[in-house]
Amino acid sequence: MPLKGLAKDSALAAFVALILAIPLVGLNTVERDGRIVVETRFSWVAIAVVAVFVGRLLLGLVPRRQKQATDKRPLAALLDKHARALGWCSLAGLVIWPFLPFSSTYLVDLASNILTYILLGWGLNIVVGLAGLLNLGYAGFYAVGAYTFGIAAQSFGLGFWEALPLAGLLAAAVGILLGFPVLRLRGDYLAIVTLGFGEIIRIILINWSSVTGGPNGINDIPRPTFFGLPLTARAAGGGETFAQFFGLSYSPQHRIVFLYFVVLGLALATNVITLRLRRLPIGRAWEALREDEIACRALGINPTSVKLSAFAIGALFAGFAGAFFATRQNFISPESFGFQESATVLAIVVLGGMGSQLGIVLAAVVLVTLPEFGRDFAQFRMLLFGAAMVAIMVWRPRGLLSLRAPSIRLAPSSERR
Amino acid sequence: MSYFLQQLINGLTLGAIYALIALGYTMVYGIIGMINFAHGEIYMIGAFVSLTTFFVLGAVGVTWVPLALVLVLIAAMGFTAVYGWTVERIAYRPLRGSFRLAPLISAIGMSIFLQNYVQLLQGARVKSLPPVIHGGFQLMESNGFVVQLSYLQIMIMTLTIALMAGFSIMIAATPLGRAQRACEQDMTMAALLGINVDRTISTTFVIGALLAAVAGTMVTLYYGVIDFFIGFLAGIKAFTAAVLGGIGSLPGAVLGGFVIGLIEAFWSGYFNAAYKDVAVFGILILVLIFRPSGLLGRPEVEKV
């Protein structure tokens, strides 16, 4: 673009920024001495306008790459090629992670948190990435899992391991119940219905106080045991504890490391199941359905049942993640399962490149670790989060690491390379 | 009976506000077939702009209510329209022709961004506006219960009906409306025939934002309290209204808005206010199952 046109463009952008900034950046109503007065912050407006002008100018100066006909992704292709090796390496790293010299309670706990999101991301990936169904109420299933365990522990005295399958199955059942009527809908309708479903779950959790504890949530959720051995300082019923059984001196770190391995196991199971499912007819049907529903129907695939299976399996993993979340936190309340949670998991899937297992791991690491750097940043976390979602969609609509190649091809492709 | 009548009036007022937002959803969906997820946030911005303008006018000394109202509406519509235009330009236009979910995800990102943007700049606490329009009619009185119909409620309802009628005429009879309908049917063909598709779509977003700004101003006047989060629920409910009425149809959106408002008012009046949102979403699910094209919509035929 010629420089003159660019300058004109930037000036226009700056002008728009000025109009945008005046009412919300430039003016603010504050209460002072019991009266509401209007406060002006025109210096901020000036900064915003200059920033937009310079930003637009710089953006225009960057030479625009020619759009390639095929979306070749050197990095993604490289990672994809070595995905197996990379996967084993990271697995080995994850197993020895708690025993590394520099790892602390904090780092292990952070890793557990990241793994929970990876688990959620992989679960949602089946729904969004593979089957192409946009689910905006994923936190609803997560909540069902967490509350199943919470209520089962509180009312029936079930432990983590007994409640875990129950939590998964109940979440899957809720998924089927919701999916049955709504999966015939088009993609965007489905998105809104699932969003409404997530809200319904949250409202019920808040208001059904006799069962869910209302806004206060459920306290004292039991911790998992190691084959019946509690990881506490003293066993409740006078039995042996984990430390006594193995002749170790008790340390609270045992529990955190154990929780880490529990979630690592759950995540690995999810990964293996997903990778296997992708090779089964059902997994191929998911991907085919994502690409073209009408063609699938013509080939005799029943879209509703195929979608329903994706929906239920996604919900199942969310239920597992919810039960783990409950046992790790020891406490659950409706606040943890709002729309922001659904949006975070969705962002992990989308940023990772829908359909890519490895991409989801990367995205989860980035999105969970970022807010840990400095509390000042936490305030801007969601702001940047939203902006990043828009930016990535605009620049790389297919996500950071996605190839979106079909898992299987009928014949060698005829394109010459 | 009098309680019923009061709930009816309240529900219609609430429904009028939803209808104004739903009009924006339905127009955008009609033309590019995407859910403008950030539309609720545009409405929220409209509410903030109108609140600030009220205080600015108060500080400047404009206290004659009709003049202040007109100025506030103009300011809210003007600024909010620019927001609507910018959102389309930044988040949606580059994604035209991309895969189906991309604009929707970008819209969700935009919605999260705008919410936090307003929260950071204007604070997380609720902001309140003292009542501006006082008075109304007392329709009837029985057993000490007075049925009120305030001037503000009348204004909100008439404005909604007038705007719906105005835009219906615009779509039916003006060159812009013709261009919009052409883009709705076939964008490529419309472009070949000399219609500036990008400009038409931008105009649609601007109109949607104008209507949302009116809704935002009305809600600020009606409830007197706003915060950065009001756009989320209002947005979903307005979308529900648009779907209920048949997405793409302007009278449908208004009808849907009124129905949703009435359901909400009667549910809180006669059953349990805590579950009113559950009732609304339940209705949405039921409508989508039994009548996916809505009350006034045309069935959608998918072609290969």
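Below, read A as the first sequence line, B as the second, and so on, with proteins coming before strands; counting in each chain starts at 1. Keep in mind that this is a model prediction, so the values were computed, not measured.
Side-chain atoms of Lys127(B) and Val30(A), non-hydrogen and from C-beta on, never get closer than 4.5 Å to each other.
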side-chain contact (heavy atoms from CB on, under 4.5 Å) for Tyr83(B) and Leu20(A)? Distances and angles first, verdict last. CA-CA 6 Å; Tyr83(B) 269 95; Leu20(A) 292 181; 3.6 Å; yes
Residue pair Ile108(B), Phe339(A): steps toward the side-chain contact (heavy atoms from CB on, under 4.5 Å) verdict: CA-CA 11 Å; Ile108(B) 294 170; Phe339(A) 175 65; 4.2 Å; yes
Worked check of side-chain contact (heavy atoms from CB on, under 4.5 Å) between Leu24(A) and Val118(B): CA-CA 7 Å; Leu24(A) 291 176; Val118(B) 173; 4.1 Å; yes
Listing, residues 275-289 of chain B side-chain donor-acceptor contacts under 3.5 Å, not counting sequence neighbours, or none:
residue   : atom : partner   : partner atom : Å
Asp277(B) : OD1  : Lys237(B) : NZ           : 2.8

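Separation of atoms CG (Leu136(A)) and CD1 (Ile236(B)) is listed at 9.0 Å; rounding is to 0.5 Å. Taken from CD in Gln122(B) to CG in Leu27(A), the straight-line distance is 8.0 Å, to the nearest 0.5 Å.
With a 4.5 Å cut-off on non-hydrogen atoms, Ala59(B) does not touch chain A at all. The parts of Val82(B) that come within reach of chain A are both its backbone and its side chain, each placing non-hydrogen atoms under 4.5 angstrom from that chain. If you measure heavy-atom distances from Ala387(A) to chain B, the contacts under 4.5 Å come from both the backbone and the side chain. Residue contact with chain B, scored on non-hydrogen atoms closer than 4.5 Å, involves the side chain of Trp44(A) exclusively. For chain A, no part of Tyr92(B) is nearby; none of its heavy atoms comes within less than 4.5 Å. Both the backbone and the side chain of Thr52(B) have a heavy atom closer than 4.5 Å to some heavy atom of chain A. Both the backbone and the side chain of Ile105(B) come within contact range of chain A, with heavy atoms under 4.5 Å apart. Residue Phe55(B) touches chain A through both its backbone and its side chain, counting heavy-atom pairs closer than 4.5 Å.
Atom OH of Tyr270(B) has more than 12 heavy atoms from other residues, nucleotides or ligands within 6.0 Å. Other residues, nucleotides and ligands contribute at most 12 non-hydrogen atoms within 6.0 Å of the CD atom of Glu335(A). In the displayed structure, Gln119(B) atom CD is contacted under 6.0 Å by more than 12 heavy atoms of other residues, nucleotides or ligands. Enclosure of atom CZ in Arg93(B) by more than 12 non-hydrogen atoms of other residues, nucleotides or ligands within 6.0 angstrom is indicated. In Arg199(B), the CZ atom is not crowded: 12 or fewer heavy atoms of neighbouring residues, nucleotides or ligands sit closer than 6.0 Å.
Tyr117(B) places no side-chain N or O within donor-acceptor distance of the main-chain N or O of Leu383(A), the cut-off being under 3.5 Å.
Contact count versus chain A (heavy atoms, under 4.5 Å) is highest, among Thr53(B), Ile112(B), Thr80(B), for Ile112(B). Note on Val38(A), Leu346(A), Thr29(A): by heavy-atom pairs under 4.5 Å with chain B, the leading option is Thr29(A).
With sequence neighbours excluded, no residue forms a side-chain hydrogen bond (donor to acceptor under 3.5 Å, both in side chains) with Ser268(B). Here Ser50(B) pairs with Thr220(B) under the side-chain hydrogen bond (donor to acceptor under 3.5 Å, both in side chains) rule; sequence neighbours left out.
Listed here is the closest heavy atom pair of Ala91(B) and Val390(A): CB-CG1, 3.8 Å.
Heavy-atom proximity under 4.5 angstrom to chain B picks out Leu195(A), Gly196(A), Glu199(A), Ile200(A), Ile203(A), Ile204(A) from residues 195-204 of chain A.
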